[in-house]
Amino acid sequence: MLRTHTCGELRISQTGQNVSLCGWIQRNREMGGLTFIDLRDRYGITQLVFNMELNASLCGDARKLGREFVVCIQGKVAERSNKNPKIPTGDIEILVEKLTILNTSKVPPFTIEDHTDGGEELRMKYRYLDLRRDENKRNMLLRHRMAIEVRNYLNSKNFIEIETPFLIKSTPEGARDYVVPSRMNEGEFYALPQSPQTFKQLLMVAGYDRYFQIVRCFRDEDLRADRQPEFTQIDCEMSFVNQDDILNTFEGLATHLFKTILDVDVADFPQLPYEEALKLYGSDKPDIRFGMTFIELNTLMKGKGFRVVDDAGLVVGIKAEGCGEYSRKQLDALTDFVRKPQVGATGLVYIKYNPDGSIKSSVDKFYSPEDMKQVLDEFQAKPGDLILILAGDPDQIRSSMSDLRLEMGKRLNLMTSGEFKPLWIVDFPLLEWDEESQRYHAKHHPFTSPKEEDIPILESDPVSVRANAYDLVINGVEIGGGSVRIHNKELQQQLFKVLGFSDEEATAQFGFLMNAFEYGAPPHGGIAFGFDRWVTLFGRGESIRDFIAFPKNNAGRDVMIDSPSALSNEKLNELGIETTR
RNA sequence: GGUCUGGUAGUUCAGUUGGUUAGAAUGCCGGCCUGUCACGCCGGAGGUCGCGAGUUCGAGUCUCGUCCAGACCGCCA
């Protein structure tokens, strides 16, 4: 070993020891006869001292070191006369006796510091330099610790980690697949898994009754701050369980992670049916760190001559406590907010309950003070509160109101960082109608079991069928989701039929699974968590990219290695592929 | 596929109504400095204003196109 210690571990108790350290030059401070150097490695920073009077040539060598040079030094640990309380090694320094340059470095294009001067684009191009920064090191370490604790917990519950293949086959449902041409089977393609879904079900058939995998998944869809083309799931499946068993098991996982990683005790995992979530929050991933739940006002506000409301399928409001004194300008800003194309409302109605008890609204023309008071009472509003109301198509307006609720939560500082409020959303619909393809799509995936009591209406009223499906939501982030699966060939065939597959198509796509179900498939179910999102949530980050060592940009490009890239004609020929552009 | 924002020194940014030699901070280079730790002080170098057209006597600034980056909508079982 070139080193006896790391740059983060020496303390005053080691004074007098001869040590050797290796690391990168963080900074060079020349004081005439004295030169200080901060030496950095993964573990921390240790100060080196060179003295012109004691060793002029060594001190001269030290002064020639540039930022990010890699060096190995030998010397003696000494107590500092001026200690630095800001760093763990701040009580000591190394009186250097020997200096070896292991490698030089070009001047890096941005500073390797907590508050770097480098922008996003540049740091992504030089990701290996960016990863030297403390912030990124912390994020990578957090990710590592969480992965270890996931394995610890699941191992302790008898889950075993089994790898499943990446080169699989394209399936008709769900996201677009990434495809890989097969050289040995010209004209045919593998697909990369969107998740190991069918394989984990086959493992249940095989009798491996508790499986998990921390596994990469691939989806060829447009990206966002919380989406990458390849992302990591904690993929889990269990046999001989019902929905409550699954939820209990993975509440245990969440509790374990909260405790071991953040030292936070989270006891409560309320369950909210999907339909309730939409009614109360307008969203299937509500942030329940604050209330401000929706109140529907159809009966109170319709029929008073206000066209927008009278024609609306839904009139819904929220109460912003203490906002009764909002100025015209602030209210206009909220109106502009809801009218943004992404939010999509046409206008905003407000009722100000003034601190003096008087009432002022944007629709005084249509409603008497008594009408208004009734609405205020419905919200149990107090003087000083503000009611915000949207009206229109129910789906659209719930979505807009959800955006407005979150915006008000932000403005009123109701989303406390460091507070975690998980909940389960349960009873998702099994199917949804897709306008584009004019057929039903599985909301979760086509192997999700319907609620037993809803099976009779599977063919007569498909959209009303509820599924044994659930999502774990924490602070408005969808952390994971799963379902109890179908383990019966007949029911699976029936569902494929509702989804519009012919028997031939179903056999071609999923015959292997249906065959397996004929050989003693146990009842089973599972869940998959978005590991990148979970780490980002725990790390209080904005973007999952900051918690992935080598992420891709919003066009799916890796700007460091410059991928994707064109293939040579030789390679294309070998694969039997012609490109059209 | 669409909407919005941005692109000026190595880097992060400023740049007025279109008008003389495009600025600041930081980094870099040189000099001074024996207790610094975001060291300090003095000096210096550093620019295809993303790219291409257009308008104009004159474009970093206005128009159009294009490329790149970011956020969002569609999309993401």
Side-chain angles (χ1 to χ4, degrees), chain A residues 26-40 45-54 59 63-64 66-68 78-87 89-91 93 106-126 129 171-177 194-195 197-198 217-229 231 340-344 399 403 428-432 434-437 439-448 467 469 471 478 481-483 495 499 528 530 542-543 545 552-557 559 562:
Chain A
Q26 177 74 22
R27 189 176 285 111
N28 209 325
R29 288 180 296 275
E30 292 174 23
M31 309 291 303
L34 273 184
T35 293
F36 300 101
I37 287 179
D38 289 342
L39 190 68
R40 184 199 71 238
I45 282 182
T46 297
Q47 175 165 285
L48 314 178
V49 205
F50 297 84
N51 192 316
M52 194 59 91
E53 271 179 19
L54 297 177
C59 193
R63 289 185 177 202
K64 291 186 200 119
R67 279 164 53 206
E68 302 305 313
E79 183 177 356
R80 292 199 201 182
S81 56
N82 271 5
K83 297 185 173 52
N84 182 356
K86 289 184 206 158
I87 60 173
T89 62
D91 286 350
E93 61 196 356
K106 286 166 76 172
V107 175
F110 52 89
T111 56
I112 314 292
E113 283 166 24
D114 282 4
H115 297 286
T116 178
D117 61 2
E120 173 95 10
E121 195 179 342
L122 195 68
R123 286 186 288 118
M124 283 303 166
K125 185 170 177 188
Y126 295 92
L129 296 180
T171 53
E173 287 273 311
R176 293 184 190 89
D177 291 310
Q194 297 174 26
S195 83
Q197 183 58 40
T198 49
C217 302
F218 306 85
R219 292 178 191 175
D220 186 10
E221 295 293 346
D222 287 1
L223 307 175
R224 294 285 187 279
D226 64 349
R227 276 193 242 155
Q228 283 276 297
F231 60 98
K340 283 196 300 187
Q342 301 96 302
V343 178
S399 157
D403 289 344
F428 275 85
L430 184 69
L431 301 161
E432 54 193 354
D434 183 65
E435 279 298 329
E436 202 178 317
S437 56
R439 67 175 187 86
Y440 293 104
H441 279 216
K443 176 125 183 134
H444 183 54
H445 59 53
F447 317 110
T448 302
D471 276 359
E478 184 196 326
S483 60
L495 186 58
L499 289 170
E542 296 286 316
S543 169
R545 282 174 218 166
K552 293 180 174 54
N553 74 8
N554 67 352
R557 298 200 68 87
V559 295
D562 193 26

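Every chain is numbered from 1 and lettered A, B, ... according to where its sequence line falls, protein lines coming before strand lines.
Listed pair A:Lys106 / B:rC28 fails the phosphate criterion, with no side-chain N or O lying under 4.0 Å from OP1 or OP2. At the phosphate of B:rG70, OP1 or OP2 sits under 4.0 Å from a side-chain N or O atom of A:Arg545. A:Arg29 has no side-chain polar atom (N or O) that falls below the 4.0 Å cut-off from OP1 or OP2 of B:rU36. Not one side-chain nitrogen or oxygen of A:Asn554 sits closer than 4.0 Å to the OP1 or OP2 atom of B:rA69. For the pair A:Arg27 and B:rC39, the criterion of a side-chain N or O lying under 4.0 Å from OP1 or OP2 is met. For the pair A:Asn84 and B:rU36, the criterion of a side-chain N or O lying under 4.0 Å from OP1 or OP2 is not met.
Nucleotide B:rU26: paired with B:rG10 (Watson-Crick or G-U wobble, both distances less than 3.5 Å). Base pairing of B:rU16 is not made with any nucleotide, judged by Watson-Crick or G-U wobble geometry with both donor-acceptor distances under 3.5 Å.
Ranked by how close their nearest RNA chain B nucleotide is to the 5' end, A:Met52 and A:Val559 are led by A:Met52.
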What nitrogen or oxygen pairs link the protein and nucleotides 8-10 of chain B at under 3.5 Å?
residue: B:rG10; atom: N2; partner: A:Asp117; partner atom: OD2; Å: 3.3

Can you pull every protein N or O that's under 3.5 Å from an N or O on nucleotides 42-47 of chain B?
none

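Qualifying side chain to side chain donor-acceptor pair (under 3.5 Å) partners for A:Arg557, counting only residues two or more places apart in sequence or in other chains: A:Asp562. For the side chain to side chain donor-acceptor pair (under 3.5 Å) test, no residue two or more places apart in sequence or in another chain qualifies with A:Ser81. Residues satisfying the side chain to side chain donor-acceptor pair (under 3.5 Å) criterion with A:Glu93, sequence neighbours excluded, are A:Gln47. Residues meeting the salt bridge (Lys or Arg N to Asp or Glu O under 4.0 Å) test with A:Asp226, sequence neighbours left out: A:Arg533.
Within the nucleic acid shown, A:Arg67 comes within 4.0 Å of sugar-phosphate atoms alone, with no base atom in reach, counting heavy atoms only. Residue A:Gln47 is in base contact, counting any heavy-atom pair closer than 4.0 Å across all strands shown.
Contact annotation: the side chain of A:Arg40 approaches that of A:Ile112 to within less than 4.5 Å [non-hydrogen atoms, C-beta and beyond]. Side-chain contact between A:Val49 and A:Thr35 is absent, with no heavy atoms from C-beta onward closer than 4.5 Å.
Of the possible donor and acceptor atoms, none in the side chain of A:Arg439 sits under 3.5 Å from a partner among the backbone N and O of A:Asp434.
Contact check on A:Arg29 versus A:Asp38 returns a salt bridge, with a Lys/Arg side-chain nitrogen under 4.0 Å from an Asp/Glu carboxylate oxygen.
Rounded to whole Å, the distance from CG on A:Asp222 to C1' on B:rA71 is 13 Å.
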